[in-house]
Amino acid sequence: MPYYGPDEPAETIFLERTFIAGDFLSGLGYGVQLVLFTSCALFLWEQRKTRRQAVYLLVYITLLLLVETLFEAVQARTVQVIYIDNRNYPGGPWQYFLDTQYLAINVIFYATLFVLTFLSDLLVLWRCWVIWNASGKTVAYLVTFFPALVLLASFVMGTLWTLQSSQPGLSLYSSLPLAYGLSYYILSLSVNILLTILITIRLIMYRRALMSTLPTDHAKNYISLATIVVESAAIYSAFALMFIITYAINNPMNQIFLTLAGSAQQIAGYLIIYRLAQGRAWNKEALTKQISTMNFDSPQNHTNTTRHTMLDSSMVETPSSGATFTLKSRVLQGDSFE
């Protein structure tokens with residue numbers, strides 16, 4: 001059968017395939033984000049009059065969705081311009097993409113990608129501060145000081161990467177933008193990994209405190225591996241690491257991992273906010289509240305009393321073992337988001 005494919009090198013064809021695949025996966029990620037945004041927005045809207053930070057979080061996720069929507073629209077338009085409007089460009093559609101990075105559509109693409117990443121990094125930094133705030137504000141500021149500096153450095157490198165990638169004659173894969181891009185994503189990944197570790201350490205410390213007070217089967221119900229993964233936004237770090245590796249070696253698969261990393265980062269943020277809206281996220285009160293009395297009533301009417309246990313009664317779920325327990329705690333004061 002005759003060959004009807006494009007007259008381009010196999011490497012370029014594979015690169016274009018990954019570009020289209022990344023665009024498709026981006027659309028899937030956007031759909032997931034729409035569902036999560038709707039769920040979060042409904043919860044936060046109901047709480048807007050009683051919880052001050054519900055309004056702030058509602059504004060945050062709305063801004064996030066608007067920027068993400070603009071990013072998706074620009075990406076879809078880019079595919080149309082490259083593969084439909086300029087399919088006969090000398091060197092092929094991909095060469096057209098590389099030669100026209102200065103166009104507004106490409107500048108918006110880089111700018112929205114950078115803004116989304118930075119906003120998501122800010123959310124994880126804030127969550128780290130909130131969780132460590134249980135040990136005191138001084139400790140929280142000391143713990144988050146260095147990650148904040150790294151985040152500031154990533155903002156500078158991201159700005160340079162965006163500006164250089166959109167210059168005439170340059171592209172995402174030119175030597176200078178590539179250097180800025182690697183530096184930016186390495187810094188962004190570093191701050192996320194660092195924050196992931198810090199959040200994980202704090203939650204594990206709290207879990208051990210529970211394990212030493214509660215029966216093992218009950219304690220495991222409060223801080224699970226899934227809780228740590230969600231609170232620390234670890235899913236983004238995994239995809240971002242794969243992107244950096246493939247981007248550094250100039251492997252076309254980096255386009256797929258870039259899309260996955262972007263979607264994973266936004267989804268991780270929505271999951272954190274969803275837990276906040278439900279009142280299930282860990283905060284200062286949840287990590288420091290003193291329980292005055294804890295009674296465990298087993299089917300054999302055996303009762304144990306434990307005092308001064310750190311636990312948030314709003315997060316208690318009845319274990320599946322059949323045992324029931326009653327918590328008596330002081331009334332939670334103030335905004336539970338803080």
Side-chain angles (χ1 to χ4, degrees), residues 29-73 112 114-134 136-137 140-141 144 148 151 155 192 195 199 202-203 206 222-223 226-233 235-236 262-289 310-317 327 329-338:
Y30 181 65
V32 175
Q33 292 172 57
L34 278 177
V35 173
L36 291 173
F37 169 81
T38 303
S39 299
C40 293
L42 289 175
F43 273 113
L44 294 172
W45 181 256
E46 293 176 354
Q47 301 166 10
R48 69 189 187 282
K49 295 182 179 179
T50 57
R51 289 178 173 175
R52 174 169 45 88
Q53 288 197 8
V55 178
Y56 299 150
L57 290 173
L58 189 58
V59 171
Y60 173 84
I61 63 173
T62 301
L63 176 61
L64 206 63
L65 182 68
L66 290 176
V67 177
E68 179 68 28
T69 301
L70 180 58
F71 173 78
E72 294 296 332
T112 52
F114 165 60
V115 170
L116 286 170
T117 303
F118 183 71
L119 287 176
S120 299
D121 288 344
L122 281 178
L123 176 67
V124 181
L125 179 66
W126 172 68
R127 286 302 298 153
C128 183
W129 186 89
V130 168
I131 289 174
W132 277 93
N133 191 32
K137 286 190 175 182
Y141 283 123
T144 56
L151 182 58
F155 177 83
N192 272 273
L195 291 171
I199 292 173
R202 186 66 184 93
L203 293 180
Y206 181 63
Y222 301 116
I223 298 187
T227 299
I228 294 175
V229 169
V230 171
E231 288 282 0
S232 63
I235 56 175
Y236 164 68
S263 296
Q265 188 174 39
Q266 312 312 316
I267 291 171
Y270 281 118
L271 290 176
I272 291 173
I273 294 174
Y274 187 74
R275 284 176 56 84
L276 283 166
Q278 285 189 315
R280 296 170 55 206
W282 297 101
N283 49 41
K284 179 179 180 180
E285 287 78 12
L287 293 168
T288 58
K289 187 190 294 184
M310 294 189 303
L311 187 63
D312 184 356
S313 59
S314 66
M315 299 177 188
V316 173
E317 298 177 1
L327 301 180
S329 64
R330 63 179 175 82
V331 178
L332 176 62
Q333 301 292 334
D335 194 332
S336 63
F337 281 169
E338 294 178 338

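Residue indices begin at 1 and follow the sequence shown.
- Heavy atoms only, all atoms of each residue included: Tyr274 and Ser39 are closest at CE1-CB, 3.7 Å.
- Scanning all heavy atoms of the two residues, the minimum distance from Val55 to Arg48 falls at CG2-O, 3.6 Å.
- Nearest heavy-atom pair across Ala54 and Gln47 is CB-O, 3.8 Å.
- If you take CG on Asn192 and CG on Leu125, they are separated by 10.0 Å, rounding to the nearest 0.5 Å.
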Apply the test side-chain contact (heavy atoms from CB on, under 4.5 Å) to residues Phe43 and Leu58: give CA-CA distance (whole Å), side-chain angles for both, the deciding distance (0.1 Å), then the verdict.
-> CA-CA 9 Å; Phe43 273 113; Leu58 189 58; over 6 Å; no

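- Among all heavy-atom pairs drawn from Gln265 and Thr117, the shortest one is OE1-CA, 3.3 Å.
- With sequence neighbours left out, the ring pair (Phe, Tyr, Trp, His ring centres under 6.0 Å) criterion links Phe118 to Phe155.
- Distance check: Ile131 CD1 to Trp126 CH2 gives 9.5 Å after rounding to the nearest 0.5 Å.
- Taking OG1 of Thr69 as the reference point, atom CD of Glu72 lies at 8.0 Å (rounded to 0.5 Å).
- Nearest heavy atoms, Leu195 versus Asp121: CD1-O, 4.4 Å.
- When ring centroids are compared, Trp132 and Tyr141 stay outside the 6.0 Å threshold.
- Here the CZ atom belonging to Arg127 is positioned 11.0 Å from the CG atom belonging to Asn133, to the nearest 0.5 angstrom.
- Looking at Tyr60 and Leu122, their side chains never come closer than 4.5 Å, going by heavy atoms from C-beta outward.
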side-chain contact (heavy atoms from CB on, under 4.5 Å) between Tyr270 and Leu64, worked out | CA-CA 10 Å; Tyr270 281 118; Leu64 206 63; 4.2 Å; yes

When you look at Phe71 and Val67, which way does the side-chain contact (heavy atoms from CB on, under 4.5 Å) test go after all the steps?
-> CA-CA 6 Å; Phe71 173 78; Val67 177; 5.6 Å; no

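- Once rounded to the nearest 0.5 Å, the distance linking CG of Leu66 with OG1 of Thr62 reads 6.5 Å.
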Kindly determine whether Ile61 and Leu36 satisfy side-chain contact (heavy atoms from CB on, under 4.5 Å), including the steps that lead there.
-> CA-CA 10 Å; Ile61 63 173; Leu36 291 173; over 6 Å; no

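- At least one donor-acceptor pair under 3.5 Å links the side chain of Gln33 to the backbone N or O of Gly29.
- Taken to the nearest 0.5 Å, the CZ atom of Phe37 stands 5.0 Å off from the CG atom of Leu65.
- Leu123 and Gly269 get closest at one heavy-atom pair: CD2-CA, 3.5 Å.
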